[in-house]
Amino acid sequence: MSSLVFFSLTLFICSCFTLSNGASDPNSLYKSFLQCLPAQSPQPDPSLSAIVYGSASNSSTYTTVLQAYIKNRRLNTTSTPKPAIIITPTKESHVQAAVLCAKKLGVQIKIRSGGHDYEGISYVSSEKTFIVLDMFNLRTVDVDIATETAVVQAGAQLGELYYRIQEKSKVHGFPAGVCPTVGVGGHLSGGGYGTMLRKYGLSVDHVIDARIVNANGQILDRKSMGEDLFWAIRGGGGASFGVILSYTVKLVPVPAVNTVFRIMKTVSENATDLVYKWQTIVQTMNNDLFIRILLQPVTVSARKTVRATFIAHFLGDSATLLAEMNKVFPELGLKQEDCMEVSWIQSILYWANFDYNTTPLEILLNRHSDTVNFLKRKSDYVQTPISKSGLTSLFNKLVELGKIGLVFNSYGGRMSEIPADATPFPHRAGNLFKIQYSVNWNDGDPKLEKNYLNQSRVLYKFMTDYVSKNPRGAFLNYRDLDIGVMKGTGSNGFNSGKVYGEKYFMGNFERLVKVKTAVDPGNFFRNEQSIPVLAGKSSGKSRKMTTLH
């Protein structure tokens with residue numbers, strides 16, 4: 001990692017908070033925060049000292065807290081940059097005080113809600129000194145079926161939200177991700193989608209209010225923040241604009257009976273033709289139906305091949321699903337015995353790879369129910385069906401590389417109806433499906449990591465001719481530092497931010513920059529892929545960003 005020049009701490013600092021040894025000393029920073037937090041708290045609060053953990057002060061507890069929500073072992077090594085301190089607020093006022101103190105002490109703040117960001121930028125930094133604001137204690141979920149809404153704090157996980165909804169109603173749900181341990185704050189602020197994507201769109205399409213702490217330490221709701229900022233934090237990534245405290249979301253109706261299925265086909269079982277046909281129906285099939293395809297290199301009878309796994313969620317019963325599949329996709333050969341009728345909450349368990357018949361629903365409240373591996377992810381969008389010959393070439397490439405797989409997520413339906421500028425998330429009409437490049441491994445051997453990261457980049461380059469162009473689109477919640485990072489400030493910062501910003505946000509990037517410049521001109525809330533401020537508008541000191549790996 002490049003050596004970083006840390007900026008002066010004299011700006012905005014009262015003499016009582018000046019760090020004689022500089023912000024690079026974790027112990028000094030720990031003590032300064034213990035001094036500063038009570039001074040910035042709206043009222044006396046004896047609990048403040050208990051929410052601060054320092055690498056040099058209470059190191060064993062610090063390490064436990066830091067590692068608790070690291071969801072990528074690639075970013076949990078001895079060489080991984082560590083925060084000087086971690087602050088774990090239990091009240092909204094703690095967040096306000098933490099923001100104000102970080103600003104006074106001139107230190108970068110990273111915000112973690114669940115830790116599932118694929119590049120770890122909520123708990124790792126390319127800046128020399130940084131702190132982590134970990135929101136896991138702020139996880140209240142308040143469901144109101146009478147108004148069909150829920151207020152969910154940023155530190156809650158999707159599983160907790162789903163569990164609380166089903167406690168109150170069997171015919172309400174929320175369109176969000178299939179992994180129960182994903183944090184609400186990052187998931188919703190970056191877009192958020194799940195198996196009801198074609199019926200109801202994204203998670204952000206159902207956010208009706210929010211509470212956020214801005215760079216001045218103020219708590220704002222939708223009315224007080226204004227529609228521009230409210231627009232920005234529904235798909236533009238909350239961490240560029242403030243600290244999301246909570247979202248108010250509108251629940252959606254779900255049927256009492258849902259149907260799921262999983263069918264696997266190898267190349268010798270006509271997988272190529274089936275994947276090709278799937279591409280041609282995703283825009284026109286019933287909006288209640290979502291079909292994901294997993295493409296994985298496998299070995300069958302000592303021969304390497306590719307297996308396509310078709311996984312579906314249908315908002316309805318199996319008879320209706322069978323009629324639909326026989327109409328639009330008879331080639332898959334779906335039979336009654338392939339179909340499993342489940343409740344909506346059981347479909348959540350199924351998609352999370354739990355046995356929906358035997359697994360207690362309380363597993364959704366287990367914040368560490370997932371397996372944590374080394375991993376790398378990338379993303380793309382496909383707007384024209386990949387030809388059969390193209391698929392054959394792709395399958396051969398998967399076999400050649402040997403480890404990395406692809407996930408195809410069907411679009412169409414509601415996604416084609418919502419305007420591209422309704423939220424910062426722009427990838428709506430015209431996209432057939434989204435690709436996730438996916439590689440996981442369990443061995444910490446650096447040679448394996450180098451190989452698997454290279455596989456992801458080789459496959460990404462191979463796919464260039466088949467995916468969206470000018471710009472080549474990417475999905476913010478599949479965070480990928482390979483597509484660009486923030487470098488410098490001023491025009492350099494803006495130009496480097498534009499590289500990844502237009503991939504994630506396309507035509508919405510400029511509006512996000514204007515919002516950012518208006519609400520955080522000093523670029524206090526920043527990370528390796530944050531929204532830049534307009535060149536010449538930043539009042540912040542020079543800060544260089546580099547890639548984390």
Measuring from atom [atom1] of [X] to atom [atom2] of [Y], what distance do you get when rounded to the nearest 0.5 angstrom?
X: Ser203; Y: Met196; atom1: OG; atom2: CE; value: 9.0 Å
X: Gln383; Y: Leu432; atom1: CD; atom2: CG; value: 8.0 Å
X: Met225; Y: Ile219; atom1: CE; atom2: CD1; value: 11.0 Å

Under 3.5 Å, is there a donor on one side chain and an acceptor on the other for [X] and [Y]?
X: Tyr437; Y: Asp380; result: yes
X: Ser28; Y: Asp25; result: yes
X: Gln157; Y: Arg139; result: no
X: Thr77; Y: Thr80; result: yes
X: Asn409; Y: Tyr193; result: yes

[X], [atom1] atom: more than 12 neighbouring heavy atoms under 6.0 Å:
X: Glu417; atom1: CD; answer: yes
X: Lys514; atom1: NZ; answer: no
X: Lys498; atom1: NZ; answer: no
X: Lys469; atom1: NZ; answer: yes

Nearest non-hydrogen partners of [X] and [Y], listed with the distance:
X: Glu502; Y: Pro471; answer: O-CG, 3.4 Å
X: Val499; Y: Ile483; answer: CG1-O, 3.5 Å
X: Ile531; Y: Phe241; answer: CG1-CZ, 3.9 Å
X: Ser496; Y: Lys487; answer: OG-N, 2.9 Å

Checking the side chain of [X] only, and the main-chain atoms of [Y] only, is there a donor and an acceptor separated by less than 3.5 Å?
X: Arg511; Y: Asn508; value: no
X: His94; Y: Leu48; value: no
X: Ser113; Y: Gly186; value: yes
X: Gln96; Y: Val213; value: no
X: Tyr162; Y: Ala176; value: yes
X: Asn527; Y: Ile121; value: no
X: Asp520; Y: Phe525; value: yes
X: Ser189; Y: Gly185; value: yes

- side chain to side chain contact (heavy atoms under 4.5 Å, CB included) partners of Pro424, counting only residues at least two apart: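 Pro424: side chain to side chain contact (heavy atoms under 4.5 Å, CB included) contacts with Trp231, Phe505, Leu512.
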
- Query: Using the ring of each side chain (for Trp, its six-membered ring), is Tyr478 parallel, tilted or perpendicular to Tyr118, with breaks at 30° and 60°?
  - Reply: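 Tilted: the ring planes of Tyr478 and Tyr118 meet at 30° to 60°.
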
- Plane angle bin for Phe425 and Phe475 - parallel if under 30°, tilted between 30 and 60°, otherwise perpendicular: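 Perpendicular.
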
- Task: Assess the pair Tyr69 and His116: is the distance between their ring centroids shorter than 6.0 Å?
- Result: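 When the ring centroids of Tyr69 and His116 are compared, they turn out to be at least 6.0 Å apart.
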
- Item | Option from Lys503, Arg377, Lys378 for which salt bridge (Lys or Arg N to Asp or Glu O under 4.0 Å) with Asp480 holds |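 Result for salt bridge (Lys or Arg N to Asp or Glu O under 4.0 Å) with Asp480: Lys378.
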
- Has Arg74 got its NZ or CZ under 6.0 Å from the middle of the six-membered ring of Tyr452, at an angle within 45 degrees of the ring axis?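 Geometry flag: not set, cation outside 6.0 Å or 45°.
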
- Any side-chain heavy-atom pair from Pro426 and Phe509 closer than 4.5 angstrom?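 No - every pair of side-chain heavy atoms lies 4.5 Å or more apart.
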
- Does the side-chain contact (heavy atoms from CB on, under 4.5 Å) test come out yes or no for Phe524 and Ile109, once each step is laid out? CA-CA 8 Å; Phe524 172 70; Ile109 191 168; 3.8 Å; yes

